[in-house]
Amino acid sequence: ARYCNIFVNGSRPTNLQIRWKKIMKHWSQFWRSTSSLSSFSEGVAVEGYSAEIKEFWETSVAELGENAVLVDIGTGNGALAVLMNDYSKANKLSWQIHGVDAAEIEPKALEESNDIFKGRFDGIEFHPETDMTNMPFEDASVDCVVSQFAFEYGDESAVLAEIMRVRKPGGRFVMMGHHKKSAVHK
């Protein structure tokens with residue numbers, strides 16, 4: 001189910017559902033208006049993650065198999081999915097990479113505005129308007145679910161249950177998130 005399907009049997013949406021729809025409208029507008037892969041939209045960050053963040057993610061997925069399936073939840077314009085894709089190509093791996101986001105996203109449109117992105121989305125399948133509690137993957141079909149600054153904004157119990165449903169036995173879930181008491185999270 002998509003995030004915007006808030007009516008159930010003709011019932012009225014709850015305040016939480018209305019708030020969620022407004023938040024997703026904001027993020028949809030943000031991702032359409034930025035020329036950055038991530039929400040860190042200044043300087044070299046426009047091109048994706050680097051330095052310690054890049055090293056953290058590459059180390060986290062280094063032991064995945066040659067044909068691994070990865071899902072980035074809360075992908076936005078695909079910064080983490082692109083990082084995984086770049087890593088897969090550089091290491092001659094055949095990963096299937098998916099980016100899931102509740103917002104209306106079109107990351108591949110960035111290729112038209114900046115040559116630095118040409119080809120970096122090749123092989124990534126994006127799933128816009130897709131709730132991370134209802135992902136379009138079969139049970140036990142994903143080797144690794146990743147999330148950077150997204151998991152903590154969902155219903156954590158429901159998101160974790162969905163991750164456990166799609167994750168293969170022995171698969172991984174790796175996340176980087178904002179602390180619950182941080183100013184950003186509030």
Side-chain angles (χ1 to χ4, degrees), residues 1-5 20 23-24 27-28 31 37-39 48-50 52-111 117 119-178 180 185:
R2 294 182 172 186
Y3 77 93
C4 57
N5 295 336
W20 183 249
I23 291 169
M24 285 305 103
W27 280 110
S28 296
W31 292 122
L37 280 179
S38 76
S39 56
Y49 300 127
S50 61
E52 292 88 0
I53 293 176
K54 180 179 179 183
E55 183 179 341
F56 168 80
W57 285 113
E58 289 180 346
T59 301
S60 297
V61 299
E63 295 180 16
L64 294 176
E66 182 180 335
N67 298 303
V69 177
L70 288 85
V71 176
D72 173 20
I73 58 174
T75 194
N77 269 351
L80 193 49
V82 166
L83 178 64
M84 299 293 111
N85 200 35
D86 290 347
Y87 182 87
S88 175
K89 289 177 182 179
N91 291 282
K92 297 178 177 37
L93 302 168
S94 298
W95 288 354
Q96 293 177 31
I97 301 169
H98 299 267
V100 171
D101 204 294
E104 296 175 32
I105 57 168
E106 293 183 47
K108 293 179 181 183
L110 291 176
E111 286 184 318
F117 299 128
R120 293 182 73 196
F121 296 101
D122 293 350
I124 303 172
E125 185 174 346
F126 290 100
H127 305 270
E129 297 183 88
T130 302
D131 192 312
M132 56 187 154
T133 63
N134 191 14
M135 294 187 278
F137 309 108
E138 298 292 324
D139 294 355
S141 63
V142 175
D143 294 285
C144 185
V145 176
V146 295
S147 174
Q148 182 162 319
F149 308 132
F151 172 83
E152 67 271 26
Y153 295 102
D155 175 341
E156 292 176 4
S157 295
V159 177
L160 191 55
E162 181 66 354
I163 290 168
M164 297 304 288
R165 181 189 71 78
V166 303
R167 193 178 57 93
K168 290 179 181 177
R172 298 179 182 180
F173 170 48
V174 184
M175 66 166 282
M176 182 182 296
H178 295 118
K180 287 281 190 192
H185 194 273

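Sorted by first then second residue, the side-chain hydrogen bond (donor to acceptor under 3.5 Å, both in side chains) pairs that include residues 167-177, not counting sequence neighbours, are Asp143-Lys168. Pairs engaging residues 53-69 under the side-chain hydrogen bond (donor to acceptor under 3.5 Å, both in side chains) rule: Trp57-Gln148 [sequence neighbours left out]. Applying the side-chain hydrogen bond (donor to acceptor under 3.5 Å, both in side chains) definition to pairs two or more places apart or across chains, none involves residues 87-96.
Atoms CG and SG, on Leu64 and Cys144 in that order, are 5.0 Å from each other to the nearest 0.5 Å. Remark: Thr133 OG1 to Leu160 CG distance equals 12.0 Å, nearest 0.5 Å. Here CE of Met176 is found 6.0 Å from CZ of Phe149. Values are rounded to the nearest 0.5 Å. Annotation: the span from Asp101 atom CG to Thr130 atom OG1 amounts to 8.5 Å, rounded to 0.5 Å. One finds the CD atom of Glu162 at 13.5 Å from the OG atom of Ser157 (value rounded to the nearest 0.5 Å).
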> Under the side chain to side chain contact (heavy atoms under 4.5 Å, CB included) criterion, do Leu110 and Phe121 qualify, and how do the steps go?
Replying inline: CA-CA 9 Å; Leu110 291 176; Phe121 296 101; 4.1 Å; yes
>> The test is side chain to side chain contact (heavy atoms under 4.5 Å, CB included); show your working for Val145 and Phe151 and say whether it passes.
In response: CA-CA 11 Å; Val145 176; Phe151 172 83; over 6 Å; no
>> Run Met84 and Val61 through side chain to side chain contact (heavy atoms under 4.5 Å, CB included) and show every step you take.
In response: CA-CA 8 Å; Met84 299 293 111; Val61 299; 3.6 Å; yes
> Going through the checks in order, is the salt bridge (Lys or Arg N to Asp or Glu O under 4.0 Å) test met by Glu111 and Lys108?
Replying inline: CA-CA 6 Å; Glu111 286 184 318; Lys108 293 179 181 183; over 6 Å; no
>> Using the rule given for side chain to side chain contact (heavy atoms under 4.5 Å, CB included), can you reason through Leu70 versus Val142, listing the C-alpha separation, both sets of side-chain angles and the distance that settles it, and then say yes or no?
In response: CA-CA 6 Å; Leu70 288 85; Val142 175; 5.9 Å; no
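The shortest non-hydrogen separation linking Ile73 to Ser147 is CG1-CB, 3.5 Å. Here the shortest heavy-atom pairing between Ser141 and Val69 reads O-CB, 3.7 Å.
By the side-chain contact (heavy atoms from CB on, under 4.5 Å) test, Ala140 is found to be paired with Pro169, residues two or more places apart in sequence or in another chain being considered. Phe137 pairs by the ring pair (Phe, Tyr, Trp, His ring centres under 6.0 Å) definition with His98, His127, not counting sequence neighbours. Shown here are the side chain to side chain donor-acceptor pair (under 3.5 Å) partners of Asn85, two or more places apart in sequence or in another chain: there are none. Residues forming a salt bridge (charged side-chain N to carboxylate O under 4.0 Å, His left out) with Asp122 (at least two apart in sequence, or on another chain): none. With sequence neighbours excluded, the residues satisfying side chain to side chain donor-acceptor pair (under 3.5 Å) with Asp86 are Arg120.
Counting only heavy atoms from C-beta outward, the side chains of Ile105 and Trp27 never approach each other to under 4.5 Å. For the pair Pro107/Phe117, no side-chain contact is recorded, criterion being any heavy-atom separation below 4.5 Å from C-beta on.
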Give every donor-acceptor pair under 3.5 Å between a side-chain atom in residues 75-83 and any protein atom, sequence neighbours left out.
| residue | atom | partner | partner atom | Å |
| --- | --- | --- | --- | --- |
| Thr75 | OG1 | Asp72 | OD2 | 2.8 |
| Asn77 | ND2 | Trp31 | O | 3.3 |
| Asn77 | ND2 | Ser36 | O | 3.0 |

